[in-house]
Each structure stands twice: as structure tokens, then as C-alpha cells.
Amino acid sequence: MSKKHPIISVTGSSGAGTSTVKHTFDQIFRREGVNAVSIEGDAFHRFNRKDMKSELDRQYAGGNVGFSHFSFEANELKELEKVFSQYGETGTGRTRHYVHDADEAEKYGVPPGEFTDWAPFEDGSDLLFYEGLHGSVVNDDVNIARHADLKIGVVPVINLEWIQKIHRDKEKRGYTTEAITDVILRRMYAYVHCICPQFTETDINFQRVPVVDTSNPFVARWIPTPDESLVVIRFRNPRGIDFSYLVSMIHGSWMSRANSIVIPGGKLDLAMQLILTPMINRLVSESKRA
């Protein structure tokens with residue numbers, strides 16, 4: 001952690017809603033005049049799309065049927081920790097982009113499934129913002145969590161996460177339900193061992209809970225809407241959090257534990273604005289004083 005060059009890390013698995021959270025952060029950065037440099041977890045995948053397929057086949061042949069993008073060994077986590085560490089010390093670093101589709105290929109000039117070249121961050125940023133799968137990893141090889149000043153977890157209950165992934169991959173990537181189910185099953189080991197432990201390292205977790213029946217996510221016809229959901233917000237350290245203010249400002253909210261508040265799903269953006277804006281401003285003001 002560095003007061004002079006703060007880092008915000010948002011961690012959530014594929015389909016968890018981290019992209020929506022990033023949009024809220026972008027709104028806060030723009031409104032508060034914060035110059036943030038952003039990096040994506042996909043940039044630190046170890047393999048491009050073609051090589052990942054070959055590696056999957058190799059891992060399967062060797063008996064490792066749980067290998068996936070969630071797995072530690074499928075990502076350049078030492079490189080990610082190096083970027084976090086370098087930014088915290090000097091305010092500099094580098095990143096690249098993983099190109100997902102034709103639209104991004106046109107934007108970056110690189111075929112889908114490939115990476116752009118590594119490029120240095122622009123000078124003069126106020127903070128580093130990470131969004132991806134591994135922003136709070138602590139294992140025998142790396143301790144990424146220790147470098148981040150504010151760690152956010154985005155965690156829908158698992159059936160909702162599966163529904164979101166199934167709908168996204170069918171509509172945007174043309175996959176069948178059966179193919180997506182195979183991916184979910186393949187990812188379960190890494191989800192349990194690589195993703196879930198990170199949510200004990202985060203400072204704040206936002207967990208979306210549907211209040212409609214999601215018993216069989218593989219036949220759900222639509223994703224539960226925000227109005228059909230609640231969000232549980234858990235603070236690792238509730239000291240200094242004005243819960244009475246939040247409950248008064250967010251209609252329909254209540255405290256479920258001494259460190260947790262429950263809000264209507266449609267109020268997530270408002271809650272994030274109320275909770276995160278003062279935290280971001282504090283990080284930036286402290287960095288400028290340092």
C-alpha cells in the first residue's frame with residue numbers, strides 16, 4: 001500500500017457484474033476529477049485464445065480437468081503483483097489489452113483472441129484501478145492484496161452468477177447452454193480455491209441476491225432484474241462507516257449484522273456512490289499531501 005500512489009482493486013468472477021461496478025467507478029472518477037489509470041485482469045492471462053485451447057487440451061490429457069482462466073497457473077500473477085508494486089512505489093507501470101471480439105479488434109488493431117503490445121501508463125495519474133479475477137490473491141507465490149489500498153469484491157450468489165454467464169455467453173458469444181455448462185463445471189475447482197478466498201481479503205463486498213426462484217439456473221429464461229434482487233454490503237472493518245446515514249439515505253435498506261447493510265438491488269449505484277466517493281476522495285487527498 002502506498003499513500004502517494006493508491007491502488008483500488010475490484011475482484012469478481014466472470015459474469016459477476018464487475019463491468020457495471022467499473023462504470024460506477026468511472027462516473028465517480030469523472031465527477032470528482034480523479035485521473036485514474038485502469039488495468040483489466042484479462043491483460044494478465046498467460047495464454048491467448050488459441051494457446052489457451054491447446055493448454056486446456058494438454059491439461060485435460062494430464063488429468064487436470066479443473067484448469068481454466070480462473071486458475072492461478074493460467075495467469076501472470078507475478079507480473080500483476082509487479083505492476084501493483086511498481087505503481088505503489090513510483091506511480092508508473094504497464095498494461096496491455098486482451099481483444100475479445102471484432103469491435104475491440106477494430107479499436108485496437110489486433111485480431112480477436114490476441115493481446116496488444118505492453119504499453120506504459122500515462123504520466124500524472126491519481127490512482128490505479130484494477131478490475132478482474134485476481135485482484136486480492138494471496139497464495140504461496142504472490143500477495144497481491146497487500147498492495148491495494150481499497151479492495152472491493154463483487155459477488156452474486158452462485159446460481160445468479162451462472163444465469164448471468166449463461167445469458168451473456170449465449171447472446172454475445174453464441175455458445176450453447178451445454179457448452180457453457182461444461183465451462184462452469186470446469187471452473188468449479190478454481191472458483192472454490194482461487195476466487196472465493198479473495199473475498200475474505202476485500203475491504204467491502206457487494207453480494208447480489210435474487211428474490212425470485214433461481215433453483216435451476218440452466219433453464220432460466222431471463223436474468224433477475226435489480227428490482228428482483230437485494231444487495232448485501234459487507235464491510236471488513238465497519239469502524240468509521242456511518243450506517244445510520246446510509247440507512248436514512250437508501251430507502252428500503254436495513255442492517256443485517258454489525259458490519260453489513262442490505263439494500264434494494266435498484267439502489268446499488270446510489271449505495272456505491274455514497275460509500276465509495278468519500279473513500280476515493282480521501283485516498284486522492286492523502287496521496288497529494290504525501
Peer 1: Looking at K53 and D57, does any basic side-chain N land under 4.0 Å from a carboxylate oxygen?
Peer 2: yes

Peer 1: Are Q86 and T92 close enough that a side-chain donor and a side-chain acceptor fall under 3.5 Å?
Peer 2: yes

Peer 1: Find out whether H147 and S85 are in side-chain contact, i.e. whether some heavy atom of one side chain is under 4.5 Å from a heavy atom of the other.
Peer 2: yes

Peer 1: Spell out, as yes or no, whether a donor-acceptor pair under 3.5 Å connects the side chain of E114 to the backbone of P111.
Peer 2: no

Peer 1: Quick one: does any side-chain atom of N259 pair with a main-chain N or O of R234 as donor and acceptor, under 3.5 Å?
Peer 2: no

Peer 1: Ignoring hydrogens, what is the shortest heavy-atom contact between V110 and F115? Give both atom names and the distance.
Peer 2: CG1-O, 3.7 Å

Peer 1: Aromatic rings Y191 and F70: how do their planes relate, parallel, tilted or perpendicular, breaks at 30° and 60°?
Peer 2: tilted

Peer 1: Is the backbone of G124 close enough, under 3.5 Å, to the side chain of N35 for a donor and an acceptor to pair up by distance?
Peer 2: yes

Peer 1: Do S229 side-chain atoms and G265 backbone N/O form a donor-acceptor pair below 3.5 Å?
Peer 2: no

Peer 1: Mind checking whether R49 and P112 have side chains closer than 4.5 Å, heavy atoms only?
Peer 2: yes

Peer 1: Identify the two heavy atoms, one from P238 and one from F243, that lie closest to each other, and give their separation to 0.1 Å.
Peer 2: CB-CE1, 3.8 Å

Peer 1: Would you say that V183 contacts K165 through its side chain, given a criterion of any heavy-atom pair below 4.5 Å between the two side chains?
Peer 2: yes

Peer 1: Taking the side chain as everything from C-beta on, heavy atoms only, tell me whether I204 gets closer than 4.5 Å to L276.
Peer 2: yes

Peer 1: Just wondering, do W162 and T214 contact through their side chains at under 4.5 Å, heavy atoms?
Peer 2: no

Peer 1: Quick check on D123: does its CG atom have over 12 non-hydrogen neighbours (other residues, nucleotides or ligands) under 6.0 Å away?
Peer 2: no

Peer 1: Heavy-atom distance under 4.5 Å between the side chains of D117 and R96, does that happen here?
Peer 2: no

Peer 1: Are D227 and T225 linked by a side-chain donor-acceptor pair shorter than 3.5 Å?
Peer 2: no

Peer 1: T11 side chain to G135 main-chain N or O, any donor-acceptor pair under 3.5 Å?
Peer 2: yes

Peer 1: Do R46 side-chain atoms and N75 backbone N/O form a donor-acceptor pair below 3.5 Å?
Peer 2: yes

Peer 1: Would you call E104 and K107 a salt bridge, taking side-chain N to carboxylate O under 4.0 Å as the test?
Peer 2: no

Peer 1: Taking Q207 for the side chain and V232 for the main chain, is one N or O donor matched with an acceptor at less than 3.5 Å?
Peer 2: no

Peer 1: Exactly one of Q27, R31, E32 should register a side chain to side chain donor-acceptor pair (under 3.5 Å) with T277. Which one does?
Peer 2: R31

Peer 1: Testing D149, I8, I7 one by one against L127 for a side-chain contact (heavy atoms from CB on, under 4.5 Å), which residue passes?
Peer 2: I8

Peer 1: Write down the atom of G113, the atom of N48, and the distance for their closest heavy-atom approach.
Peer 2: O-CB, 3.1 Å

Peer 1: Could you check whether any side-chain N or O of H167 sits under 3.5 Å from a backbone N or O of A220, counting only pairs where one atom can act as donor and the other as acceptor?
Peer 2: yes

Peer 1: Could D26 and R30 be called an ion pair, given the rule that one side-chain N must be under 4.0 Å from one carboxylate O?
Peer 2: no

Peer 1: Quick one: which of I195, L77, L80 gives a side-chain contact (heavy atoms from CB on, under 4.5 Å) with V137?
Peer 2: L77

Peer 1: Answer yes if the side chains of R208 and Q164 hold a donor-acceptor pair under 3.5 Å, and no otherwise.
Peer 2: yes

Peer 1: Looking at the rings of H45 and F47, which for Trp means the six-membered one, are their centres under 6.0 Å apart?
Peer 2: no

Peer 1: Considering only residues two or more places apart or on different chains, which pairs with a residue in residues 257-274 satisfy salt bridge (Lys or Arg N to Asp or Glu O under 4.0 Å)?
Peer 2: none

Peer 1: Within a 6.0 Å radius of atom NE2 on H251, are there more than 12 heavy atoms belonging to other residues, nucleotides or ligands?
Peer 2: no

Peer 1: Using only atom types and a distance under 3.5 Å, with no angle test, would you say the side chain of D42 pairs donor to acceptor with the backbone of Y98?
Peer 2: no

Peer 1: Can you find a heavy atom in the side chain of H5 that is under 4.5 Å from one in the side chain of L128?
Peer 2: no

Peer 1: Please identify each residue that fulfils ring pair (Phe, Tyr, Trp, His ring centres under 6.0 Å) with F29, with sequence neighbours left out.
Peer 2: F25, F129

Peer 1: Within a 6.0 Å radius of atom OH on Y189, are there more than 12 heavy atoms belonging to other residues, nucleotides or ligands?
Peer 2: no

Peer 1: So, does S68 use its side chain to make a donor-acceptor pair with the main chain of R187 at under 3.5 Å?
Peer 2: no

Peer 1: Please examine the side chains of I263 and L246, heavy atoms only from C-beta on, and report whether any two atoms are closer than 4.5 Å.
Peer 2: no

Peer 1: Given the rule that I, L, V, M, F, W and Y join up when any side-chain heavy atoms are under 4.5 Å apart, are L185 and F67 in one cluster?
Peer 2: no

Peer 1: Consider only side-chain heavy atoms of I, L, V, M, F, W and Y, link residues closer than 4.5 Å, and tell whether I39 and Y108 are in one cluster.
Peer 2: no

Peer 1: Is it true that R94 and E79 have a side-chain N and a carboxylate O under 4.0 angstrom from each other?
Peer 2: yes

